[in-house]
Amino acid sequence: MKIKVLAFAAFGGILGREREVELEEEASVKDLLDELASIVPGFREAAFEPSGILRDYVLLMVNRKRIDPERDLSRILVEGDELAIFPPLAGG
Amino acid sequence: MKIKVLAFAAFGGILGREREVELEEEASVKDLLDELASIVPGFREAAFEPSGILRDYVLLMVNRKRIDPERDLSRILVEGDELAIFPPLAGG
Amino acid sequence: MIEIGEEEISLDRMIQRVRRNEAGAVVSFLGTVRDDGILGMEVEAFRDPALSEMEAIRQEAMSRFSLTAAEVSHRTGRLAVGESILAIVCSAAHREEAFSGCRYILEELKARAPLWKKEISSDSGGHWVEGHGR
Amino acid sequence: MIEIGEEEISLDRMIQRVRRNEAGAVVSFLGTVRDDGILGMEVEAFRDPALSEMEAIRQEAMSRFSLTAAEVSHRTGRLAVGESILAIVCSAAHREEAFSGCRYILEELKARAPLWKKEISSDSGGHWVEGHGR
């Protein structure tokens, strides 16, 4: 299945502003992040602690709703879902 | 001697915005207020309590500096002095 | 710039004048004649002492809140409902200072500048707004 | 009105639009690119979610502080030193509400709207401003 990935601020520089990722059916948000880490140079270091935990400053939305990285990384994605990844907000 | 009297807001309606009052030499601020009370209808009631004390809401300036009605009514005026009389400030 | 006058206030020009490259925040306050069932308002000033007091307040705000610039304009004369009475504009490096400076000038002006307002009611009369400033 | 766009913000028109006969106070905040030894700033938005969040914040401010009207405009793209980034304008019957509403929208926007700023430095590079909002 195809999942759209949007990335902003520093993550836009690493991942590109928008890309599509091909994943197996039943893949989770965590699977998508791992796939990005394996195909995009620098993303693993930017997004994950050396221990493999997602860094504090990585914020996520699925279909434009915020998800909690503590709880929702196991969420199963479906064809057409959109993941957005960005650092803490800094507008104004 | 001649003293200029400026009056604002409700006191402007009673005394007129600007007038000159002729007083004896060595007259005080209190003498000037008494003179106004005797020559201008309505001023005594507006400015003084029935007991003869100056009302709380009467504010005074001599030569554009505020004076304290509790302390400075005995201040002696000289030719060319200007008294301003007005109610509490209400700009903005 | 401090001014008292009968002309319409140009808030936009005041804002343009306080903008600075070293300021990241501009806060403005505009006071207008509110429709409380009145026809309008008459504003009176003891002009020179009011200008001096407004300038003193402006200087206090500049140093207390590290403002980069501040302007105050107060109108006098007969004003219709909806018209501007007063504009205050402050710029500062950061938002906290700009908000605090604007608020400070507004409250001090109300308390200390010799200005008065009369509400004009429909019966061709009116009454002076009861002041709180001394 | 809530807007996010590349065009120069017209604060003056925003102020004119929130004026109402029943409002006695208009407070505005203008955020500009401050000269911190930078060449300029690049502002990025996740546009639709940012617009929804800004509208939600506007509605909260309207009801919490009894505002008569409120508008917010945030720019995106490359901005030079001194240019406007953000404008917030609130009108209310009284000054307290107008100040509080404007401040509320500003703080909530910084904390909740998906927007980011990159400081452009002289070496053709730049760095993203560390965000505090989540």
Side-chain angles (χ1 to χ4, degrees), chain C residues 8-41 68-69 79-107 109-110 117 119 129, chain D residues 8-41 68-69 79-107 109-110 117 119 129:
Chain C
E8 177 63 63
I9 294 168
S10 176
L11 178 56
D12 193 44
R13 257 178 281 162
M14 291 172 69
I15 290 172
Q16 295 313 321
R17 279 195 302 261
V18 301
R19 291 178 76 144
R20 299 281 188 282
N21 282 355
E22 68 269 27
V26 178
V27 171
S28 77
F29 173 82
L30 179 67
T32 59
V33 180
R34 190 174 68 249
D35 186 359
D36 274 338
I38 59 174
L39 286 180
M41 211 164 236
T68 45
L79 305 174
V81 164
E83 280 194 83
S84 303
I85 303 172
L86 165 68
I88 300 169
V89 175
C90 295
S91 62
H94 304 285
R95 64 192 189 280
E96 293 79 8
E97 290 85 351
F99 272 104
S100 301
C102 190
R103 196 68 202 263
Y104 179 84
I105 292 174
L106 178 55
E107 301 305 324
L109 182 148
K110 282 175 175 285
K117 288 183 295 213
E119 292 182 346
V129 175
Chain D
E8 176 63 65
I9 294 168
S10 175
L11 177 58
D12 193 43
R13 261 179 277 161
M14 292 173 68
I15 290 171
Q16 295 314 318
R17 281 196 301 263
V18 301
R19 290 178 75 143
R20 300 279 187 283
N21 283 353
E22 68 270 26
V26 178
V27 171
S28 77
F29 173 82
L30 179 67
T32 58
V33 180
R34 190 174 67 248
D35 186 0
D36 274 340
I38 58 173
L39 286 180
M41 211 164 237
T68 45
L79 305 174
V81 164
E83 280 195 83
S84 303
I85 304 173
L86 163 70
I88 300 169
V89 174
C90 294
S91 62
H94 304 286
R95 64 192 189 279
E96 292 80 7
E97 290 86 351
F99 272 104
S100 302
C102 190
R103 196 66 202 262
Y104 179 84
I105 291 174
L106 177 56
E107 301 305 325
L109 182 148
K110 282 175 175 284
K117 288 182 295 210
E119 292 182 346
V129 175

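No experiment lies behind these values; they were computed from the predicted model shown.
- Neither the backbone nor the side chain of A87(D) comes within contact range of chain C, judged by heavy atoms closer than 4.5 Å.
- The choice from R20(C), E83(C), E107(C), Q16(C) that makes the most heavy-atom pairs within less than 4.5 Å of chain D is E107(C).
- A donor and an acceptor atom, one from each side chain of S84(C) and R19(D), are located under 3.5 Å apart.
- A donor-acceptor distance shorter than 3.5 angstrom exists from the side chain of S91(D) to the backbone of A69(D), with no hydrogens or angles considered.
- With chain D as the partner, the residue from L86(C), D35(C), L11(C), V26(C) showing the most heavy-atom pairs under 4.5 Å is V26(C).
- Of the atoms belonging to A98(C), not a single heavy atom falls under 4.5 Å from chain D.
- Heavy-atom distances place the side chain of L106(D), and not its backbone, under 4.5 Å from chain C.
- Open room surrounds CZ on R13(C); 12 or fewer heavy atoms of other groups in view lie less than 6.0 Å from it.
- E96(D) touches chain C through backbone and side chain together, each having a heavy atom under 4.5 Å away.
- The residue among I15(C), D36(C), V27(C) with the most heavy atom pairs within less than 4.5 Å of chain D is V27(C).
- Under the 4.5 Å side-chain criterion, counting only non-hydrogen atoms from C-beta, C102(C) is in contact with F99(D).
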Determine, step by step, whether V18(D) and C90(D) satisfy the side-chain contact (heavy atoms from CB on, under 4.5 Å) criterion, reporting the C-alpha distance in whole Å, the side-chain angles of both residues, the deciding distance to 0.1 Å, and the verdict. CA-CA 7 Å; V18(D) 301; C90(D) 294; over 6 Å; no

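- Residue contact with chain C, scored on non-hydrogen atoms closer than 4.5 Å, involves the backbone of V33(D) exclusively.
- With contacts defined as side-chain heavy-atom distances shorter than 4.5 Å, the pair R103(D)/R103(C) does not qualify.
- Both the backbone and the side chain of A25(D) come within less than 4.5 Å of a heavy atom in chain C.
- Here R34(D) does not pair with E119(D) in a salt bridge; the nearest charged N to carboxylate O distance is not below 4.0 Å.
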